[in-house]
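These notes concern the structure reproduced below.
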Number of protein chains: 2
Amino acid sequence: MNTFAPALLTDQYELTMVSAALKDGTADRQCVFEVFARRLPGGRRYGVVAGPGRLMELIRDFRFSEAEVAFLREAGIVDEATAAWLASYRFHGDIDGYAEGELFFPGSPIMTVSGSFAECVVLETLILSVLNHDSAVASAAARMVTAARGRPIIEMGSRRTHEDSAVAAARAAYLAGFASTSNLAAGARYGIPTTGTSAHAFTLLHDDEPAAFASQVAALGKNTTLLVDTYDIAQGIRNAIAVAGPDLRAVRIDSGDLSVLAQHSRELLDSLGATETKIVVSGDMDEYAIAALAAEPVDMYGAGTAVVTGSGAPTAGLVYKLVEVEGRPVVKRSENKATVGGRKTAVRRHKPTGTATDEIIVSQGVPDHAPNDRLLQRSFVVAGEIAEIPPLRESREHLRQCLISIPWEGLKLSAGDPAVPVTIVGVP
Amino acid sequence: MNTFAPALLTDQYELTMVSAALKDGTADRQCVFEVFARRLPGGRRYGVVAGPGRLMELIRDFRFSEAEVAFLREAGIVDEATAAWLASYRFHGDIDGYAEGELFFPGSPIMTVSGSFAECVVLETLILSVLNHDSAVASAAARMVTAARGRPIIEMGSRRTHEDSAVAAARAAYLAGFASTSNLAAGARYGIPTTGTSAHAFTLLHDDEPAAFASQVAALGKNTTLLVDTYDIAQGIRNAIAVAGPDLRAVRIDSGDLSVLAQHSRELLDSLGATETKIVVSGDMDEYAIAALAAEPVDMYGAGTAVVTGSGAPTAGLVYKLVEVEGRPVVKRSENKATVGGRKTAVRRHKPTGTATDEIIVSQGVPDHAPNDRLLQRSFVVAGEIAEIPPLRESREHLRQCLISIPWEGLKLSAGDPAVPVTIVGVP
């Protein structure tokens, strides 16, 4: 069992800062921290917010146990006063942010954390870990879902990422519109539909392929997927239909030139009378490979490595920056990283048809907005009390609606500008 | 608290295969599964085995609880017989493999799992998750350590990856030769030295930079690192030395053209009499950025995103393949994925000087080997009993020795062939 309580999933400097701030009296200054991305990776046109639901559970449990405080004290990381403060730590501030499943763009204030400096700063590492990971996966997954044009995608990447990341990745992929996951913990914990039938090992275990197929059909019924590429794919399909009959639910192909193989497999299945048998393809599927198969007779995709590793962008590039101290906007003034200080409010504006036109973000104020427009921030935590988080299915539907709302070019896989332009209006 | 027991960190198809194999009587066939990489990512010249130590703890705890079995049964994932089998599951087989910290190349049999089909197949997902993640991080980290030429590197990437991955990543980076980590859980759990002082937020919190520096020095002493790039770096350095005096341990620069800045900072520090004050640089550090600073007066690096995400290769590409059934070698015969069946034994051969010349892998036999050569596999589990795993520091030293043993070209960062050629000798 993995037994990391969330409080130690933290960078040491968060606590040394608390230590110094407790000593000099600045620990209680009222602060606002903001989570945002400076840019989207690789010319992506949108990012997907994922993780708030998971994060709020971790913040609820964010306490320093006696053993943890003792470790910090004994390792010389914190002094007595800080140790005492940590022992009674509980977040009493506010957290607002973009809903899970919302789109974001460079500069979107996707989460705003306010409270005393000390209580907010200790949450930095955990907040960024959760949002950077989950949003990276969801952002990649959403592009795959678009590329799949309505065909279901199964998430099957658990083995390619850390064992606990795998569960969060399955959740983020489902949020983004994947149909199901191979990960059992994600099924148990989040109620995500799980799927899986057999691997090449199962075929190799048996004396021959027909024996393996017969065993699988005997155990799982005809409503299963037979993996047909262990030896020869055409023969595999013949064996599958010979064993299961033309009512077999699906065959899976996991290697080779999937375009050609899908066509040949469809023709062969049809010639065998298995006109309703589906074709599932897997193996190095990313958004581009999925798009390239759009015209082929493929019924379902399995995606692994690319989705769980963010398809080239394994982290979402989100940062957690102090933007306000005691009501005064603050900003770091170093080259190429200029940001606008102050607590932000964000509105996405839409045409009467519902198409998003731009996102307006105002520091220390509220943007003008018409009835078609949408205030993007919701309340996650009020005075330390965690608000009810929408269920995952609702967030999934929210993202689906958001993707319908962006201009058509925003769904292109090619590199380009953000789908919705963002204007950040600073303090006058 | 994250409470995933390891058993559900598993792909569903592992259990449906068990189900079918129990039904047809093949579940008890004696099998050998092998973990290997078909290739190294991006022309890397070696990979680093990381994860066995962590994995063995998870395998020790790999049991299906009553609640987990009930979930699987109620979700219709397994039948009664399989549920009963899972409820009493315990791995009774053998696991051999390359030591943690060992180098690997395409085809190296880094782990060999033997036992009944059913008991071995259920471990597939967990074994691959752990080894793929940890080895990806260690493989990238080792290149950074080489590029740093003896200068220490701090791992500070927790915020860029899943919160639990962060702990494993800190462990893998330390194994690879990193000096320390920012991650407190990694310190508590694995005894890795932790480090951290302050962020830009701490400076912004205060009325001005000298106030922030004075606070930090008051709390942490002069043996600390002051972050000098919140406003103007030259002024930041002047403020740092004015506050702390020339005995200040270090300054950190986190942005800008680090080559030029390191030089200017060194000159300025020296002119202020702070000739012993170290310069720490961070911000988008990967092996190439580290190498590019080799000639600059940098004393320490901080690496984040690149190390925890495997510097472009976030997964190690390891697969888990059935290679032997009841003593008979088996192999999947599909295009471009031909492998040699059978249980392998691996030897790395060396010149009398200690330089590695090649790796010979023999299926169902033992390669000839001289006194200079090294049998690469050790025993991790014997008949279900987990052997003692060497402590992390020992594995770290093992890797250091391994990297000394490979030909000089093997340490180049550029893309190329594996540092040590591998020959796999199949069954005659």
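Below, each value reflects all heavy atoms present in this structure, side chains not excepted, and no hydrogens, waters or symmetry copies. Sequence lines set the chain letters: A, B, ... in the order given, protein chains first and strands last, and positions in each chain run from 1.
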> In terms of heavy-atom pairs under 4.5 Å with chain B, which of A/Thr315, A/Leu318, A/Val137 leads?
Replying inline: A/Thr315
>> Please identify which of these residues, B/Asp61, B/Asp164, B/Asp134, meets the salt bridge (Lys or Arg N to Asp or Glu O under 4.0 Å) condition with B/Arg54.
In response: B/Asp134
> What part of A/Phe71 is in contact with chain B, defined as an atom under 4.5 angstrom from a non-hydrogen atom: side chain, backbone, both or neither?
Replying inline: side chain
> Taking atom types as modelled and ignoring hydrogens, do the side chains of A/Thr181 and A/Glu155 form a donor-acceptor contact shorter than 3.5 angstrom?
Replying inline: yes
>> Salt bridge or not between B/Glu57 and B/Arg189? Use side-chain N to carboxylate O under 4.0 Å.
In response: yes
> With no hydrogens and no angle check, is any side-chain donor or acceptor of B/Thr10 less than 3.5 Å from a backbone partner on B/Ala7?
Replying inline: yes
>> Using heavy-atom distances under 4.5 Å, tell me whether A/Leu15 contacts chain B through its side chain, its backbone, both, or neither.
In response: side chain
> Which atoms form the tightest heavy-atom contact between B/Phe213 and B/Gly236, and what is the distance?
Replying inline: CE1-O, 3.4 Å
>> Quick check on the interface: out of A/Gly157, A/Ala21, A/Ala199, who has the most heavy-atom pairs with chain B under 4.5 Å?
In response: A/Ala199
> Which region of B/Leu72, side chain (C-beta onward) or backbone (N, CA, C, O), has a non-hydrogen atom less than 4.5 Å from a non-hydrogen atom of chain A, or is it both or neither?
Replying inline: side chain
>> Please verify the inter-ring angle class for B/His162 with A/His162; under 30° counts as parallel, over 60° as perpendicular, anything in between as tilted.
In response: parallel
>> Main chain of A/Thr197, side chain of B/Thr16: is a donor-acceptor contact present, judged purely on distance under 3.5 Å?
In response: yes
>> For A/Phe62, which atoms come within 4.5 Å of any heavy atom of chain B: side chain, backbone, both, or neither?
In response: neither
> After noting the C-alpha distance and the side-chain angles of B/Tyr320 and B/Asn132, does the key distance pass the side chain to side chain contact (heavy atoms under 4.5 Å, CB included) rule?
Replying inline: CA-CA 11 Å; B/Tyr320 185 87; B/Asn132 269 322; over 6 Å; no
> Would you call B/Asp207 and A/Arg29 a salt bridge, using N to O less than 4.0 angstrom?
Replying inline: yes
>> Does any backbone or side-chain atom of A/Glu14 lie under 4.5 Å from a heavy atom of chain B? Answer side chain, backbone, both or neither.
In response: side chain
> Checking heavy atoms, do the side chain of A/Ala218, its backbone, both or neither come under 4.5 Å from chain B?
Replying inline: backbone
>> If we define contacts as heavy-atom pairs under 4.5 Å, which of A/Gln216, A/Lys23, A/His206 has the most with chain B?
In response: A/His206
> Which of the residues A/Thr194, A/Leu322, A/Asp24, A/Asp11 is involved in the greatest number of heavy-atom pairs with chain B at under 4.5 angstrom?
Replying inline: A/Asp11
> If you measure from CG on B/Leu128 to OG on B/Ser135, what distance do you get to the nearest 0.5 Å?
Replying inline: 10.5 Å
>> Please identify, among B/Ala316, B/Ser182, B/Ala219, the residue contributing the most non-hydrogen atom pairs under 4.5 Å to chain A.
In response: B/Ser182
> Heavy-atom distance under 4.5 Å to chain B: side chain of A/Leu220, backbone, both or neither?
Replying inline: side chain
>> For B/Gly304, is there any backbone N or O sitting under 3.5 Å from a side-chain donor or acceptor partner on B/Arg159?
In response: no
> Hey, which of A/Leu126, A/Thr195, A/Asn183, A/Thr161 has the most heavy atom pairs under 4.5 Å with chain B?
Replying inline: A/Thr195
> Is it the backbone or the side chain of B/Asp79 that comes under 4.5 Å from a heavy atom of chain A, or both, or neither?
Replying inline: neither
> With distance as the sole criterion, is a donor-acceptor pair present between the side chains of A/Asp28 and A/Ser116 under 3.5 Å?
Replying inline: no
>> Which one wins on heavy-atom pair count under 4.5 Å against chain A: B/Thr26, B/Val323, B/Thr309?
In response: B/Thr26
> Which of the residues A/Ile233, A/Asp232, A/Val130, A/Thr82 is involved in the greatest number of heavy-atom pairs with chain B at under 4.5 angstrom?
Replying inline: A/Val130
> Side chain, backbone, both or neither: which part of A/Glu124 has a non-hydrogen atom closer than 4.5 Å to chain B?
Replying inline: side chain
> In terms of heavy-atom proximity below 4.5 Å to chain A, should B/Thr305 be classed as side chain, backbone, both, or neither?
Replying inline: side chain
>> Can you tell me which portion of B/Leu204 sits under 4.5 Å from chain A's heavy atoms? Options are side chain, backbone, both or neither.
In response: both
